[in-house]
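Per chain, numbering begins at 1; letters A, B, ... match sequence-line order.
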Number of protein chains: 2
Amino acid sequence: MLSPDIISDRVAEAVASISYPAQPAGLYEPIAYTLESGGKRLRPQLTLAVCSALGKDIDIAMNAALGVEVFHNFTLLHDDVMDAADMRRGRPTVQIRWNDNSAILSGDAMLTMATSYIAKTPAAVMPEAMKLFNRTAMEVYEGQQYDMDFENRTDVTVGQYMEMIRLKTSVLIGCACRLGAVVAEAPDDVAQAFYDYGVNLGLAFQLRDDWLDTYGDPLVFGKQIGGDIINAKKTWLLITAISECRTELLDILAEDLEPQERINQVRAVYDRLNLKDRCHDLIVRYADMAVRSLENISLGNDARDYFVNLAERSIDRNY
Amino acid sequence: MLSPDIISDRVAEAVASISYPAQPAGLYEPIAYTLESGGKRLRPQLTLAVCSALGKDIDIAMNAALGVEVFHNFTLLHDDVMDAADMRRGRPTVQIRWNDNSAILSGDAMLTMATSYIAKTPAAVMPEAMKLFNRTAMEVYEGQQYDMDFENRTDVTVGQYMEMIRLKTSVLIGCACRLGAVVAEAPDDVAQAFYDYGVNLGLAFQLRDDWLDTYGDPLVFGKQIGGDIINAKKTWLLITAISECRTELLDILAEDLEPQERINQVRAVYDRLNLKDRCHDLIVRYADMAVRSLENISLGNDARDYFVNLAERSIDRNY
């Protein structure tokens with residue numbers, strides 16, 4: 001298997017090499033702006049890594065990898081419109097730099113761009129890759145809809161929350177992994193094992209995101225700590241706390257408190273319920289399930305190390 | 001070839017038979033609402049008609065037809081958000097009935113739905129159908145971007161306007177026709193002839209839309225006459241008038257006039273330039289080019305009549 005550095009470099013090169021028509025600039029400049037803004041590039045790296053782990057040349061996986069990455073950035077672009085977000089990755093969002101209509105239309109074009117990359121996967125596997133990609137995309141929209149629905153509810157269960165983040169975040173990471181197996185023409189049980197790895201890794205990642213927003217180191221995390229509490233965002237922490245201390249939590253959230261005071265009061269409940277450790281334990285469990293998804297798959301040591309390390313990093317990453 | 005009535009009925013049945021998951025309702029109800037609201041269903045009928053004209057069973061074209069129709073309705077849904085439109089086909093738009101975020105997210109899901117239908121075209125032609133569909137989609141976004149760009153410009157040429165409506169409206173009608181030929185596995189020159197037919201028909205349709213907005217019969221047209229003039233929308237009529245009577249037109253548009261007074265003053269310029277007849281002549285020319293696109297293609301009389309009649313109706317349709 002290729003080294004993680006080479007995989008990471010190849011993804012960066014491929015994204016940087018995407019070329020756009022010059023006109024109409026109002027359509028293509030926001031797309032270039034969105035894609036060049038970086039991020040971890042986790043998904044395309046996973047696609048290439050799975051393909052390489054299965055002994056195939058990563059060139060056959062590059063279009064699938066780009067398709068998933070462009071799709072992911074499309075969802076962020078439209079999510080930012082829906083959330084009226086001002087900043088993304090340290091820069092103004094597209095609707096601030098341009099306007100809402102640009103963000104909507106350029107996002108639409110990114111979805112079609114992503115689909116076009118999937119259409120360029122090797123002919124023998126393209127129909128399967130396309131089917132997986134489209135099914136995953138619908139699940140991501142369903143997850144986003146549930147996330148929006150949850151904003152106005154106080155009766156969301158932890159089970160419903162886990163299903164929401166599975167749809168909104170995890171299935172795309174599963175899809176990224178599975179696409180690497182599909183282009184490598186791996187048997188179905190191998191493809192499914194990598195899909196399960198990705199989904200569990202995605203759940204661990206999202207829970208760690210929730211955890212970091214409350215318990216992260218502000219110097220390392222790069223965002224203000226406590227944003228989720230201030231916005232009463234339905235995270236695993238808040239949903240668990242509401243389900244176990246409903247009246248107390250809803251009273252705090254209903255009060256007109258200064259932001260820091262609200263953070264302090266909500267965190268006091270979290271602390272009493274030991275949610276910092278309980279959330280961490282859950283992250284460990286999903287990272288562990290990710291690793292175990294691959295235990296019956298024959299892999300070289302370097303490949304297994306890659307996937308195990310990634311799962312372990314999801315447990316204690318700080319940004 | 002099947003009769004126009006049968007083709008129209010089969011499209012209506014197929015659209016009515018689309019089923020949606022029950023949950024999340026906030027995602028799927030706006031999609032059902034959008035697709036059930038009707039419209040002429042011109043595009044899917046064309047896909048089936050071309051396939052039938054080429055002697056094939058229309059069942060092989062149904063997924064392509066649905067893909068194009070769902071895509072068309074997706075563009076209307078997102079266009080309505082971008083235009084902040086209140087009404088569509090006599091009913092409140094999705095962002096009025098639900099909200100902007102629903103319209104954005106449900107539109108995204110409709111684009112993926114449309115792509116999924118294209119992915120279900122017969123395996124032998126699916127890659128070609130998908131490539132055509134994705135390329136067309138990008139052109140439609142480019143057209144929408146140019147349309148938005150034109151709002152703030154007074155120097156748009158007639159040539160630029162024609163290219164904008166070719167992209168925004170006509171290529172999808174060309175694509176609908178060509179997909180019928182692609183699924184019928186017609187040779188490339190036949191597919192291209194039907195594409196050209198659709199593009200020219202689309203240009204005639206759009207110019208007739210512009211014409212009707214100013215010269216239509218208010219009792220038949222179903223919309224207020226003069227809306228484009230009130231909104232200073234860059235149509236063929238306005239762009240031609242600005243290019244020929246620039247100062248006069250821009251003075252009228254800059255004045256703070258009552259709507260009916262603005263309509264009267266702009267129409268007076270149109271009348272002096274004989275734009276009513278000149279626009280009509282141009283529509284006749286595109287309808288004629290549509291018919292001539294098919295002149296070297298071998299077709300049964302009933303099939304040729306179908307496409308000729310459709311082109312002729314585009315000249316004098318009143319709604």
Side-chain angles (χ1 to χ4, degrees), chain A residues 21 23-31 71 74-75 78-79 81-84 99-121 123 126-131 133-151 164 167, chain B residues 21 23-31 71 74-75 78-79 81-84 99-121 123 126-131 133-151 164 167:
Chain A
Q23 294 297 330
L27 180 66
Y28 291 110
E29 282 178 0
I31 299 177
F71 178 84
F74 142 70
T75 65
H78 275 194
D79 282 5
V81 179
M82 293 187 246
D83 295 343
N99 53 57
D100 276 15
N101 287 356
S102 278
I104 294 170
L105 188 63
S106 296
D108 293 345
M110 288 176 76
L111 174 49
T112 291
M113 234 177 105
T115 310
S116 298
Y117 279 116
I118 301 297
K120 283 192 277 186
T121 52
M126 188 275 269
E128 187 183 347
M130 184 64 74
K131 202 170 156 185
F133 176 77
N134 285 331
R135 189 182 63 222
T136 302
M138 289 304 289
E139 290 175 334
V140 172
Y141 311 136
E142 291 181 356
Q144 170 68 5
Q145 182 66 47
Y146 284 122
D147 198 14
M148 297 194 303
D149 290 345
F150 288 179
E151 282 174 26
M164 184 277 283
L167 292 166
Chain B
Q23 294 296 331
L27 180 65
Y28 291 110
E29 283 178 358
I31 299 177
F71 178 82
F74 141 71
T75 64
H78 275 193
D79 282 6
V81 179
M82 293 186 247
D83 295 343
N99 54 57
D100 275 15
N101 287 356
S102 278
I104 294 170
L105 188 63
S106 296
D108 294 346
M110 287 176 76
L111 174 51
T112 291
M113 238 177 102
T115 310
S116 298
Y117 279 117
I118 300 298
K120 284 191 278 185
T121 52
M126 189 277 269
E128 187 184 346
M130 183 64 76
K131 202 170 157 186
F133 176 78
N134 286 331
R135 189 182 64 224
T136 302
M138 289 304 288
E139 291 176 334
V140 172
Y141 310 136
E142 290 181 356
Q144 170 68 4
Q145 182 66 47
Y146 283 123
D147 198 15
M148 298 193 303
D149 291 345
F150 288 179
E151 282 174 26
M164 183 278 282
L167 292 166

So among B:Leu105, B:Asp108, B:Asn101, which one has a side-chain contact (heavy atoms from CB on, under 4.5 Å) with A:His78?
B:Asp108
Among B:Ser116, B:Ala123, B:Ala119, residue most engaged with chain A (heavy-atom pairs, under 4.5 Å):
B:Ser116
Most chain A-contacting option - heavy-atom pairs closer than 4.5 Å, from B:Pro24, B:Ala109, B:Ser102:
B:Pro24
Contact part of A:Phe133 toward chain B, heavy-atom cut-off under 4.5 Å: side chain, backbone, both or neither?
neither
Which atoms of B:Met130 come close to chain A, meaning under 4.5 Å heavy atom to heavy atom: side chain ones, backbone ones, both, or neither?
side chain
Let me confirm one number: the CG-CD distance from B:Leu27 to A:Gln144, rounded to the nearest 0.5 Å.
10.0 Å
How far apart are the closest heavy atoms of B:Thr112 and A:Asn134, and which atoms are they?
CG2-O, 3.5 Å
ring-ring contact (aromatic ring centres under 6.0 Å, His included) with A:Tyr141: which residues, sequence neighbours excluded?
none
Looking at A:Asp149, A:Val81, A:Thr75, A:Leu111, which makes the most heavy-atom pairs under 4.5 Å with chain B?
A:Leu111
For B:Tyr117, what residues pass the side chain to side chain donor-acceptor pair (under 3.5 Å) criterion, not counting sequence neighbours?
none
Tell me, with the steps shown, if A:Tyr146 and B:Gln23 meet side-chain hydrogen bond (donor to acceptor under 3.5 Å, both in side chains).
CA-CA 9 Å; A:Tyr146 284 122; B:Gln23 294 296 331; 4.6 Å; no
